[in-house]
Amino acid sequence: MFRFGSFLVQVAERQLLREGALLPLQPKTFDLLVYFLRNPGRLIRKEELLEQVWQDSHVEEANLAVHVSLLRKALGGAADEYILTVPKYGYRFVAGIEAEALPVEPPAPEAAALPPVAISPPRRPRTALFILLLGGVLGVSGLVLALSRQRLQVWNPIPITSTQELELSPALSPDGARILYSVRGTWHTSPTPVAAGLRLKQIGSDRSTVLTNAPDYNAAWAPDGQEIAFVRYMQKPNMMDESYLVTRSMKTGAERTITAVNYRGQLPGPGLTYTPDGKYILTSVGTGFFDANSPRHLVSVERSSGAVRILWDAPKGTLGDWNPVLNSQADRLAFTRCKTASACSLYEVKLSDSLSPIGEPQMVAEGVLADARAAYLADNSLVYPSGPLHARTLWRYGLDWLSKPFREQLSPAGEDAAQPCVVRSADGEERLVYVGNRVDSNIWAFNTASAANKETRSEPKRLIASTRIDQSPAISTDGAKIAFASTRSGMWEIWVCSMTGEDCRQVTRQGPAYSRNPTWSADGKYIAFESKAGEGPQIFLVEVATGRLEQITKGRGTAMYPSWSKDSKWLYYSSDQSGRAEVYRIPAPAFGQSSATPEQITPFGGTNPQLSPDGKTLFFTGLDLTGFRLTIGKPESVAVIQTMKPGNPFFIYPPTPGTGRWAYGLLFNGKSSFWGRLDWETQAVEQFWPARFDRNVSLSLGPGDKLLVWSQTDDSNSDLMTVDRLRY
């Protein structure tokens, strides 16, 4: 039996009911619905549906489309409210589903015609007794199964915020009546950054109170509701952020800086939580870099003295542990542990009264993102986000009354959900708040030949656009095509269009592996790209004409940001196989050939490698986002492209080499940003056009540096959503 929305599906009875009313369906239409219900949220190929639903016959694809249309008509609503079409691929059932286990009823004995036999003395009805006993056992088993999976009954989120700012790091007050959160301004309506800070809002009110106007994140409430703690980022002139644990009195507004936490990773930060007695704050500290040679550790910070104690040493070879969250009894702690920046898992450990671990931490869920944060429900089950970037859903993990682990998807597919928090108020009701994200990024182009004359230069134009995410563009060597990563099929895949933005087609079908960052071979026949394989991304090769695919890099660590040399002799990429992100290279890959031993190029960390057109200079981004150039074959010639200092106020990201001594990119001076280029010897800057600063930006140059294309977030929104009165 399945429930979704106002519908009930009784599989055994082959009935679809809406609020008790029977909705007639053709047999194959009903079979199609059941298959969707048994595979919720998953992208299902048309070929799979034809094979599984029409097992006994061969039908055309048009037949499938007819039954999908009949099913949509029966369910009503918008065409994609329940069944989402993925063009040229298949379908995804996107409604939230509740599967209910029912007691199994024994089949009624069938009457049979008995042949004449000799009369024998009557026997005891052992068969009937056995059937009754079996029916009782099965019935009890069904009841046990139903009770062992106490699922959340209702999912009807309501927005708490609806501004054009990005709301992050929600924290509910102990009584559940107020919400504390961070805001981060967007650059989508102005090239000038908008201030960040902490906001306080009464649940049910449209008004919010400004608490701070600094980049503050990871807010947490003290158990008495009289104090909050948060992480404050302090930007330095060289773009290095320092971060500190700060507390603030909710009565007087007085602030106190307690200790440095040295976090420079992905926002919102290392995570904070108070112990139930209010004596300690749990967080994560480290050296400031995501480095397996010096991993982050979970610590307890004494609230009064600021004394820091490491709870346990993070395993060597990992980036460490962060985002701690305690249950209400303080005997369980959930946290995020990452082997690499893209290979993270959610763990849980039992704690003693002194906050010391009892036994080894146990993995709860793998494949989460580095900023994943969990929340405990009253029954000690965990709510956490899982899935690829911009396509995460909320899940629940716990132990049933038989101590067996279970998982269930809570939020529907199609909404990127993150950072859940839960509070149980005095009346016993539980409230869940989380961040709902929506992002629309597109690919833009600018004619650099017109940049010299400000009066007659052309404006940038949107080259490739969709309602989903289009990122990491790469122009082919001949300037005829453009490859990019997009979520327009429902997952991160590699697409190719003409340079007019037309004739777009999908060239990979990696599904949940989230493929990104394509780069062309010189002959335009192949694209190298990164895609998840195992614990993290690796480099793959796809033949554009046929879609033939092969994994290129394997072994320890991840491989990201591939970049083909202009002569196609080398493939450069970034890997953390040494414990820190460095740039490596291998001979140009080919199908059927084993990958050669990679050669390390950078000496002190680097990502996003880009080769100059003459192949003599490598540009890369340091771990602190500083741009560097390196002469190939002479590692000792590494030099900083630029630093923000008097006389050279611009920071360039990411540095993309052009002809001569020019580096193209997004120029930022701490207040405003521009598309432009920088002479990496004289430090001269040429500004093209006002830009919207975006750390996820990626660039590509056409032949002769005449065309500059980049990905740009044109619209993003993160609202706080609430689900009140959880039932499970």
Side-chain angles (χ1 to χ4, degrees), residues 448 472-484 494 496 499 507 517-530 538-545 548-553 559-575 582-602 606-621 627-639 641 654-665 677 680 698-709:
T448 59
S472 56
I475 301 175
S476 60
T477 305
D478 61 3
K481 296 180 180 179
I482 183 169
F484 59 99
I494 304 300
V496 171
M499 283 308 298
V507 296
N517 294 319
T519 179
W520 289 88
S521 62
D523 57 11
K525 293 182 179 180
Y526 306 102
I527 292 175
F529 63 98
E530 68 180 63
Q538 296 292 334
I539 306 301
F540 285 75
L541 184 68
V542 63
E543 189 174 41
V544 178
R548 183 167 57 136
L549 190 102
E550 186 173 315
Q551 183 175 340
I552 299 302
T553 61
M560 305 171 66
Y561 302 109
S563 179
W564 234 306
S565 63
K566 304 305 178 183
D567 56 8
S568 280
K569 291 183 179 180
W570 299 96
L571 183 71
Y572 292 77
Y573 60 92
S574 175
S575 174
E582 300 281 5
V583 175
Y584 293 79
R585 73 175 182 179
I586 56 174
F591 284 101
Q593 296 182 5
S594 59
S595 178
T597 302
E599 174 188 357
Q600 183 174 331
I601 301 298
T602 55
T607 64
N608 203 358
Q610 298 287 333
L611 269 296
S612 60
D614 60 10
K616 296 180 180 180
T617 305
L618 173 75
F619 285 47
F620 64 94
T621 303
F628 292 88
R629 58 181 174 87
L630 179 151
T631 302
I632 299 299
K634 298 179 181 179
E636 69 277 5
S637 65
V638 174
I641 295 175
T656 302
T659 55
R661 301 178 309 194
W662 290 110
Y664 292 76
R677 62 181 184 176
W680 45 263
S698 52
L699 312 176
S700 184
L701 282 167
D705 302 354
K706 295 180 180 179
L707 185 68
L708 174 68
V709 298

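Because the structure is a prediction, the values reported are computed rather than measured. Counting from 1, the numbers follow the sequence of the chain as shown.
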State whether the side chain of [X] and the backbone N or O of [Y] hold a donor-acceptor pair below 3.5 Å, judged by distance alone.
X: Trp520; Y: Ala474; result: yes
X: Ser700; Y: Ile475; result: yes
X: Gln600; Y: Thr602; result: yes
X: Thr448; Y: Leu708; result: no
X: Ser568; Y: Ala522; result: yes
X: Ser476; Y: Gly524; result: no
X: Ser472; Y: Ser698; result: no

Side chains of Asp478 and Pro703: does their closest heavy-atom pair fall under 4.5 Å?
-> no
Taking side chain as C-beta onward, heavy atoms only, is Ser574 less than 4.5 Å from Asn608?
-> no
Let me see the working for Phe620 and Tyr572 under side-chain contact (heavy atoms from CB on, under 4.5 Å), right down to the final yes or no.
-> CA-CA 11 Å; Phe620 64 94; Tyr572 292 77; over 6 Å; no
For the atom pair [atom1] ([X]) and [atom2] ([Y]), what is the distance rounded to the nearest 0.5 Å?
X: Glu530; Y: Thr519; atom1: CD; atom2: OG1; answer: 11.5 Å
X: Thr553; Y: Phe540; atom1: OG1; atom2: CZ; answer: 7.5 Å
X: Asn517; Y: Tyr561; atom1: CG; atom2: OH; answer: 6.0 Å
X: Leu571; Y: Ser563; atom1: CG; atom2: OG; answer: 7.5 Å
X: Tyr664; Y: Thr659; atom1: OH; atom2: OG1; answer: 5.5 Å
X: Arg585; Y: Tyr573; atom1: CZ; atom2: OH; answer: 12.0 Å

Closest approach of [X] and [Y], non-hydrogen atoms and distance?
X: Val496; Y: Ala483; result: CG2-CB, 4.1 Å
X: Ala528; Y: Ile539; result: CB-CG2, 4.3 Å
X: Glu543; Y: Phe591; result: N-CZ, 3.8 Å
X: Phe529; Y: Leu549; result: CZ-CD1, 3.5 Å
X: Phe484; Y: Pro473; result: CB-CA, 4.1 Å
X: Pro613; Y: Pro657; result: CD-O, 4.2 Å

Given the rule in the side-chain contact (heavy atoms from CB on, under 4.5 Å) test, do Leu699 and Gln610 qualify, once you have shown the distances and angles that lead to the verdict?
-> CA-CA 10 Å; Leu699 312 176; Gln610 298 287 333; over 6 Å; no
Going through the checks in order, is the side-chain contact (heavy atoms from CB on, under 4.5 Å) test met by Val542 and Ile494?
-> CA-CA 10 Å; Val542 63; Ile494 304 300; 5.7 Å; no
Apply side-chain contact (heavy atoms from CB on, under 4.5 Å) to Lys616 and Ile632, showing your working.
-> CA-CA 5 Å; Lys616 296 180 180 180; Ile632 299 299; 5.7 Å; no
